[in-house]
Amino acid sequence: MASMVTSWSPNKKHTDVERWICIYPAYINCKKTLAEGRRLPKSICVENPTYQEMRDVLLPSGLHIGVENKLYPRERSKEILYRGRLRVEIKNDDGTPIKPEFSTREDVMKYLVETIPKLKTRQNRPAEQQPQPAVQAINKSKGKKGRR
């Protein structure tokens, strides 16, 4: 039986799953605002990342990862596409980082935004799925005609 995640306690060790950091895809999504949960500058964020892409990028890094079927509380859409949360162990029991390049949550998120665009699934997207520049519709109506 899987261990249940309980509330936080100062007695817990850094290796307990409850002490691992949580990362939602919304944290690194350039389509989100700060109020909607983005944590990094929009200029470096990724367009619509998924928890699967985040998992695929972090597995080769050597960090311990857990995937949870959770929905970000600020997420308005309840679709399956927006579900998923990663738990990442970045510290040993004594509080030292497991890997020096991943000493904080921000280091892990910056690594994610640097490497997700390099994934093959991101490189070989068909043309119809590529982000298109917004086309401005030209509205030629003048005023409120026919209104009395």
Side-chain angles (χ1 to χ4, degrees), residues 1-139 141:
M1 179 177 243
S3 64
M4 294 275 300
V5 177
T6 58
S7 62
W8 186 86
S9 168
N11 305 350
K12 298 211 183 271
K13 299 175 184 167
H14 286 283
T15 55
D16 292 335
V17 176
E18 293 85 12
R19 295 287 303 265
W20 294 10
I21 63 168
C22 292
I23 300 179
Y24 287 95
Y27 291 178
I28 59 172
N29 190 348
C30 68
K31 297 287 187 182
K32 301 278 184 192
T33 63
L34 289 174
E36 291 171 333
R38 183 173 43 83
R39 301 273 177 108
L40 294 178
K42 189 178 274 193
S43 59
I44 66 169
C45 284
V46 182
E47 184 176 332
N48 297 325
T50 63
Y51 77 92
Q52 293 102 336
E53 290 175 329
M54 293 167 45
R55 179 198 60 210
D56 293 345
V57 164
L58 286 177
L59 277 175
S61 69
L63 295 173
H64 295 120
I65 299 166
V67 178
E68 297 175 331
N69 186 21
K70 298 286 187 176
L71 183 67
Y72 188 53
R74 295 186 200 175
E75 185 61 57
R76 291 183 176 183
S77 174
K78 305 291 186 216
E79 294 180 30
I80 194 79
L81 176 68
Y82 298 105
R83 293 191 74 83
R85 169 174 82 182
L86 290 186
R87 281 202 178 255
V88 183
E89 180 184 16
I90 59 171
K91 293 187 179 180
N92 294 315
D93 278 337
D94 59 356
T96 59
I98 292 174
K99 298 222 173 214
E101 62 269 19
F102 301 120
S103 58
T104 64
R105 178 190 322 260
E106 285 73 29
D107 293 340
V108 176
M109 289 191 293
K110 286 179 181 175
Y111 176 75
L112 286 170
V113 299
E114 290 170 3
T115 51
I116 286 177
K118 297 175 187 172
L119 287 172
K120 286 185 179 179
T121 56
R122 291 273 176 155
Q123 298 289 329
N124 300 330
R125 282 190 174 171
E128 64 270 4
Q129 290 183 354
Q130 290 287 346
Q132 299 293 325
V135 178
Q136 298 277 333
I138 300 172
N139 190 358
S141 65

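Classification of Arg74 and Glu36 as a salt-bridged pair fails, no side-chain N sitting under 4.0 Å from a carboxylate O.
Checked options Glu18, Glu68, His64; the residue passing with Arg87 is Glu68 (criterion: side-chain hydrogen bond (donor to acceptor under 3.5 Å, both in side chains)).
The side-chain heavy atoms of Val46 and Arg122, taken from C-beta on, include a pair separated by under 4.5 Å. Contact check for Val57 versus Leu119: side-chain heavy atoms found under the 4.5 Å cut-off. Proximity of Asp107 to Ile90: side-chain heavy atoms (C-beta onward) are nowhere separated by under 4.5 Å. Counting only heavy atoms from C-beta outward, the side chains of Leu40 and Cys45 approach each other to under 4.5 Å. In this structure, Asn29 and Pro49 have side chains that are in contact, with non-hydrogen atoms separated by less than 4.5 Å. Looking only at side-chain heavy atoms (C-beta outward), Ile23 and Ile28 stay at 4.5 Å or farther from each other. The side-chain heavy atoms of Trp20 and Leu86, taken from C-beta on, include no pair separated by under 4.5 Å.
Atoms CG and NZ, on Leu34 and Lys42 in that order, are 8.5 Å from each other to the nearest 0.5 Å. Considering NZ of Lys31 and CD of Glu47, their distance stands at 4.0 Å, rounded to 0.5 Å. Going from atom CG of Asn69 over to atom OH of Tyr51 covers 7.0 Å, rounded to the nearest 0.5 Å. Interatomic distance, CG of Asp56 versus OG1 of Thr115, reported as 10.5 Å (0.5 Å rounding).
Side-chain N or O atoms of Thr96 include none that pairs as donor or acceptor with a backbone N or O of Asn92 at under 3.5 Å. Proximity of a side-chain donor or acceptor of Arg105 to a complementary backbone N or O of Cys22 within less than 3.5 Å is detected. Distance alone, capped at 3.5 Å, places no donor-acceptor pair between the Glu89 side chain and the Ile65 backbone.
Considering every non-hydrogen atom in both Glu53 and Thr121, the closest pair reads OE2-OG1, 4.1 Å. Closest of all the heavy-atom pairs between Glu75 and Lys78 is O-NZ, 3.9 Å. Between Ser61 and Phe102, the shortest heavy-atom distance links the atoms CB-CE1, 4.0 Å. Nearest heavy-atom pair, Lys110 versus Val113, reported as atom, atom and distance to 0.1 Å: O-CG2, 3.2 Å.
With Tyr24 as the aromatic partner, Lys32 does not meet the cation-pi criteria of under 6.0 angstrom to the ring centre and within 45 degrees of the ring axis.
By the 30° and 60° cut-offs, the orientation of the rings of Tyr72 relative to Tyr27 is perpendicular.
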